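Here is the structure we will look at.
Sequence lines set the chain letters: A, B, ... in the order given, protein chains first and strands last, and positions in each chain run from 1. All values reported here derive from a predicted model rather than from experimental measurement.
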Amino acid sequence: MLQVNDIRDHKDKMITALAKRGIDTKQVIEEVLQADEDRRGTQAKLDETLAQSNNFSKEIGMLFQKGETQKANLLKEKTGQLKEKSKVLTEQLNEAADRLEQLLYTLPNIPNELVPAGTDENDNEEVFKEGEIPVLKEGSLPHWELAKKYDIIDFELGVKITGAGFPVYKGKGARLQRALISYFLDKNTEAGYTEFQVPHLVNEASGYGTGQLPDKEGQMYHSTVDDLYLIPTAEVPVTNMFRGDLLNLTDLPITCTAYTPCFRREAGSYGAHVRGLNRLHQFDKVEIVRIEHPDNSYAALDGMVDHVKDILRELKLPYRILRLCGGDLGFTSALTYDFEVFSTAQDRWLEISSVSNFETFQANRLKLRFKDSDGKNKLAHSLNGSALALPRVLAGILENYQTPEGIKIPEVLVPYCGFNMID
RNA sequence: AGAGAGGUGGCCGAGUGGCUUAAGGCGCACGCUUGGAAAGCGUGUAUACGGCAACGUAUCGAGGGUUCGAAUCCCUUCCUCUCUGCCA
């Protein structure tokens, strides 16, 4: 959520910056400023009314103690009017505050200067590319065929017990998945991130905190009996650990990593691009989250990008890094780098990580602040990234490492797997 | 799940309708004192919103209500603890 003060101070700059997302916010911004003015004006009137009322009450108390009941009763009548007035003003205030909040919910984050203009994924800017794309032998297969051939993932079995998009991993497939999770967590821990195990269901307040609610209500599985949501990413429980906190400078930066399964309804996603592991309702992911001082958040973002690079280098997977354009940038993000692994057998790039700086956008909803060196309380910057999302990494390994003899295991994973070949 | 007890500032803790502008203590910060420190003394020490400011308003787990006035009374709800039950 954007801050009203910023909108008040830099109206035109913000409209220009948001235009990079391909949206015209002039109208909404004007309405925001109007609602803000209404809210402030009404609050001033309400405060004044309440102040009068408080004064009368004190007087009445003193009169009663002195035994001047008659005078007290006279004053009581006056306060009745004030009460009516404050009731009306309170309603007006709530109305203006709600209107303001609703309007603010519709505004996405301000894109960083580096964000290229553009409307969709075709306008994303490739900023880095590394790794050799292997030349596969005749008869190479996409991962869903390989999964069947070596009996390591059973999609039909998942359909039987739950539905489409809930695969069952089996034997060396399950072991490889577990190996990847351990490897990722170890890499993140070595880089200084503290490992957490967090709940996989969250309450409504957490959904609002990180911005999944109210906009993306339909994307989460909702357990209505207890009013809890299955997490679509570890970002939600991890970032919400700090909801409402007022941190000391010495607490920063906060760096966390967590492995969780992720649940996404993915309503309306069908077609060839969702085959196999490409898009699932349940998948595993290891996430990294940072809470940073505003002065340091972009250096931290670069650090996260380097960290993910390092992992992909070790896995020896061909990948590229995209700087998302305005049209493709997530609602809450100011700057996002997507990592894509090249899936040779499918001849396409698969997104396996997304690393973002949200600046104060999430912190504003979360009320996540820190006490700066000047003694003032300020909103912190929050960042997160996948390190990494499992299924597409798995798909990349299966497809790029396939040989006529079987699927080789990347060297760094062998100690975690206990085998070096799936055959 | 049942019975009982609770939730007050950074922490402990008093507070059953108006001298509460939340006592007192601890901690922390600054000052005095000192060769230096400790002790002692003094001052200060929450958050949000509005205001250039003085200041005002709100907040005693959360949300409603009663009252001229609520930390205090009533209702709802969440959470914690103790005992009992159930359970991996």
Pairing partner (Watson-Crick or G-U wobble, both distances under 3.5 angstrom) of [N]:
N	result
A14(B)	none
C28(B)	G44(B)
C19(B)	none
U76(B)	A62(B)
G36(B)	none
C87(B)	none
A71(B)	none
G4(B)	C81(B)

Would you call [X] and [Y] a salt bridge, taking side-chain N to carboxylate O under 4.0 Å as the test?
X	Y	answer
E95(A)	R99(A)	yes
D154(A)	K148(A)	no
K378(A)	D374(A)	yes
K187(A)	E314(A)	yes
R369(A)	D245(A)	no
R392(A)	E340(A)	no

May I ask you to say what N73(A) touches in the nucleic acid, namely base, sugar-phosphate or nothing, with a heavy-atom cut-off under 4.0 Å?
->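 N73(A): no heavy atom of the nucleic acid under 4.0 Å.
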Which of residues 79-93 of chain A sit near RNA chain B, with a heavy atom under 4.0 Å from it?
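Those residues whose heavy atoms fall under 4.0 Å from RNA chain B, taken from residues 79-93 of chain A in numerical order, are T79(A), K83(A).
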Notebook entry, point to check: Between F128(A) and K309(A), is there a cation-pi geometry (under 6.0 Å to ring centre, at most 45° from the normal)?
Noted result: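 Verdict for F128(A): a cation-pi partner in K309(A).
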Q) Y150(A) ring centre to K172(A) NZ or CZ under 6.0 Å, with the angle to the axis within 45°? A)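 No, K172(A) and Y150(A) do not form such a contact.
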Between [M] and [N], how far apart are the [atom1] atoms? Round to whole Å, please.
N	M	atom1	value
A71(B)	G18(B)	P	11 Å
G10(B)	C28(B)	C1'	9 Å
U16(B)	U72(B)	P	12 Å
U8(B)	C12(B)	P	7 Å
C26(B)	C41(B)	P	10 Å
G24(B)	A14(B)	P	15 Å
U76(B)	A22(B)	C1'	26 Å
U66(B)	C73(B)	C1'	8 Å

**Asked** Toward the 5' end of RNA chain B, which comes first, M62(A) or N377(A), by nearest nucleotide?
**Response**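 Between the two, 5'-proximity favours M62(A).
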> Which sits closer to the 5' end of RNA chain B, D36(A) or A51(A), going by the nucleotide each is nearest to?
Replying inline: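 Nearer the 5' end of the strand: D36(A).
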Determine: side-chain N/O of [X] to OP1/OP2 of [N], distance under 4.0 Å, yes or no.
X	N	answer
R369(A)	A48(B)	yes
N54(A)	G69(B)	no
R40(A)	G51(B)	yes
K371(A)	U47(B)	yes

Using whole Å, report how far [atom1] of [X] lies from [atom2] of [N].
X	N	atom1	atom2	value
R8(A)	G51(B)	CZ	C1'	12 Å
L247(A)	U47(B)	CG	C1'	15 Å
Q52(A)	A58(B)	CD	P	13 Å
N248(A)	A29(B)	CG	P	13 Å
K367(A)	U47(B)	NZ	C1'	12 Å
L75(A)	C68(B)	CG	C1'	9 Å
E204(A)	A62(B)	CD	P	18 Å
L46(A)	U59(B)	CG	C1'	14 Å

*asked:* Could you check whether any side-chain heavy atom of I152(A) comes within less than 4.5 Å of a side-chain heavy atom of L176(A), counting everything from C-beta outward?
replied: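 They are not in contact (no side-chain heavy atoms under 4.5 Å apart), so the answer is no.
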I want to verify a distance call: between G18(B), A48(B), U57(B), whose nearest atom is closest to the L50(A) side chain?
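Of all the options, the side chain of L50(A) is nearest to U57(B).
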Notebook entry, point to check: Does the separation of the ring centres of H293(A) and F370(A) fall below 6.0 angstrom?
Noted result: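 Aromatic pair counts; centres sit under 6.0 Å.
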